[in-house]
J.: 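One structure, as structure tokens, below. Some questions next.
Just so you know, these numbers come straight off a predicted model, no measurement behind them.
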Amino acid sequence: MIGTGKTLISCMTISSMLELNPTRQALFLVDKVLLVIQQSRYLVKQIGDRIYKRFDPENPSKLVERKLKIAALCGGQQSTQGVPIWQHDLIVVTAAYCEQLIMKNVLRWEDLCIVVFDEAHHCTKNHPFNKLLENNHLTRPLGERPKILGLTASPAGKKTFPFTVTMLQTLMKSMGETEIGVTKEQKAELDRYQSSAELIVYYKPMNDNEQKLQNELQMYLLRCFLRLKAETNILDKIDQGMEPKQAEDLHGDILNCLEVSLNDAESYDQSAAKKIENRHLVLHTRFICIALNTLFEAGVKTAVEELDELMALDVNFNFDFAKENNLDPDNLQSVIRLVRNDERISLPGPINPETQHSSKIVALIHTILNKNNIDWTQENPMTLVLVKERITASKISKILQEQDDIKRMGLRVTHLVGHGGGSGEGGGMAVNQQKKILRDIKHHKYHIVVATSVAEEGIDIPECELVITMNLPSSVTALVQMRGRARKEHSKFVVLCSEKMEEDKLKELLDREGNMIKAANFLFDSQKRPE
């Protein structure tokens with residue numbers, strides 16, 4: 001569940017382990033830069049002023065009574081107050097940065113007494129969490145491993161109960177034969193913190209231009225994928241059952257899986273020239289994935305604008321590159337020109353949301369302004385809009401800021417996206433910018449926040465009356481995380497769909513969530529308990 005004290009449990013566990021192991025460090029691993037900042041502050045608040053019997057930084061063989069030294073580390077933000085990392089008792093760090101520290105021998109796995117994995121459902125496949133476990137934990141004898149504590153609101157969820165049990169067992173095995181814990185006592189008290197938001201599905205089909213561009217982008221993306229399949233090992237990186245077989249497969253989970261898998265694709269031909277060429281092909285393919293996701297979320301205008309920006313970044317992976325490599329982008333470029341004319345993208349003038357924006361953006365505006373969904377007259381009302389792409393968060397935020405009714409009501413709009421590189425206006429946010437926006441959100445400066453998945457997991461933002469996702473949740477985990485943001489009484493969780501089949505997929509996700517709860521309880525009850 002979201003907001004039910006998982007981090008407090010980790011504080012209590014870390015505190016006990018540091019008391020029992022006065023010469024060893026504790027490690028708190030997170031998936032996002034913002035979580036480094038947030039969780040380190042929470043840990044300092046909870047245990048930073050307590051006195052512990054710990055090693056003397058000046059003479060590690062000697063024990064002294066002192067406060068803990070807590071470090072917050074990530075690629076874009078470091079807080080050590082000039083103290084060497086080995087002298088800290090607790091280190092909060094992203095998994096990717098932790099791997100770098102271990103490779104440089106700045107941090108040693110054998111010096112740890114406990115490792116906490118925040119959002120532990122990521123401990124699978126190619127995720128940095130799992131790579132840390134495979135390279136540093138599972139390679140050691142059982143007696144030399146630190147304790148592992150995994151925290152998650154949604155560990156698994158498959159179509160059937162037996163498959164879900166297997167998925168959970170695989171996750172537990174990847175973490176070093178861990179055991180599962182579920183809440184049995186005081187469950188009624190815990191249920192008070194669970195989202196009881198009303199689930200609403202709004203179906204808004206694509207218009208003709210959106211459908212034309214979608215079809216052409218999907219056909220072109222399939223050609224790019226087939227070229228990558230021939231030139232690289234991308235098929236080895238794609239989850240089982242997620243390989244696109246035909247153009248119309250490229251949406252939802254399969255599109256998401258392809259976009260993520262591109263990061264790990266390696267060229268079969270290891271010559272320098274071929275490696276560079278295939279790297280450019282990967283980047284070109286990623287741009288098409290981004291454009292397609294942007295189309296699904298924000299329509300033709302935003303998708304074409306984003307594709308123009310992406311293709312202008314570098315001649316090495318634009319449409320000229322595609323032509324030189326016989327990817328045949330002519331039909332796609334022709335459709336782009338056609339829909340650009342139809343949408344009159346370049347013409348100035350007042351915006352009529354019914355004609356100038358995508359069907360989904362129109363549905364979004366209507367959902368926000370619908371008095372049955374949220375009462376904007378109450379104290380500190382808040383709506384969270386969840387999107388996939390950074391560029392979409394930026395563009396939708398701007399559209400909402402310029403919407404007459406939203407301006408007339410005095411509603412303030414902002415967007416929040418992850419740290420890291422990106423394109424154009426939709427690039428990643430600097431850590432300091434993230435911190436400022438997050439602080440303003442907590443102080444209720446904004447009423448509408450458009451955010452990527454950075455706001456789904458773990459980030460501490462106020463409870464929302466209305467949560468809207470521009471896409472069907474891609475997994476049970478995403479469903480639980482998104483819905484969990486709508487925790488106020490009488491809140492609403494709205495899913496905007498472009499296809500009727502998405503409603504059936506949502507029902508399947510709800511069934512999978514039920515399987516997850518049953519499987520977790522089954523495995524918990526099956527574990528041997530000490531006499």
J.: Would you mind checking if K507 and D511 are paired as a salt bridge, meaning a charged N to carboxylate O distance below 4.0 Å?
T.: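 Salt bridge between D511 and K507, a charged N being under 4.0 Å from a carboxylate O: yes.
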J.: Using the ring of each side chain (for Trp, its six-membered ring), is H122 parallel, tilted or perpendicular to F129, with breaks at 30° and 60°?
T.: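 H122 and F129: perpendicular rings.
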J.: Hydrogens and angles aside, do S498 and E502 bring a side-chain donor and acceptor to less than 3.5 Å of each other?
T.: no
J.: Is a salt bridge present between K388 and E259, judged by a nitrogen-to-oxygen distance below 4.0 Å?
T.: no
J.: Is the shortest side-chain N to carboxylate O distance from D308 to R340 below 4.0 Å?
T.: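 Yes, charged N to carboxylate O under 4.0 Å.
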J.: Would you call R483 and E513 a salt bridge, taking side-chain N to carboxylate O under 4.0 Å as the test?
T.: yes
J.: Is it the case that more than 12 heavy atoms not belonging to F319 sit under 6.0 Å from its CZ atom?
T.: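 Yes, because the 6.0 Å sphere around CZ of F319 holds more than 12 heavy atoms from other groups.
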J.: Around N263, counting heavy atoms of other residues, nucleotides and ligands shown, do more than 12 lie under 6.0 Å from its CG?
T.: yes
J.: State plainly whether the residues K212 and E216 are in salt-bridge range, i.e. N to O under 4.0 Å.
T.: no
J.: H127 and D31: side-chain donor and acceptor closer than 3.5 Å?
T.: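 A donor-acceptor contact under 3.5 Å links the two side chains.
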J.: In residues 270-277, what donor-acceptor pairs under 3.5 Å come from side-chain atoms, sequence neighbours left out?
T.:
from	atom 1	to	atom 2	distance (Å)
Q270	NE2	S267	O	2.6
S271	OG	D269	OD1	3.0
S271	OG	K274	N	3.4
K274	NZ	E277	OE2	3.1

J.: For this output row, return yes or no: ring centroids of H280 and F317 closer than 6.0 angstrom.
T.: yes
J.: Going by the salt bridge (Lys or Arg N to Asp or Glu O under 4.0 Å) test, name the single residue among E297, E306, E389, E305 that passes it with K395.
T.: E305
J.: Given F225, which of I234, D249, L250 fulfils the side chain to side chain contact (heavy atoms under 4.5 Å, CB included) condition?
T.: I234
J.: So does E210 get a backbone contact from the side chain of N207, meaning a donor-acceptor N/O pair under 3.5 Å?
T.: yes
J.: For H137 together with F117, are the ring centres under 6.0 Å from each other?
T.: no
J.: Check whether the side chains of E119 and Q481 place a donor and an acceptor atom closer than 3.5 Å, and report yes or no.
T.: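 E119 vs Q481: donor-acceptor pair found between side chains.
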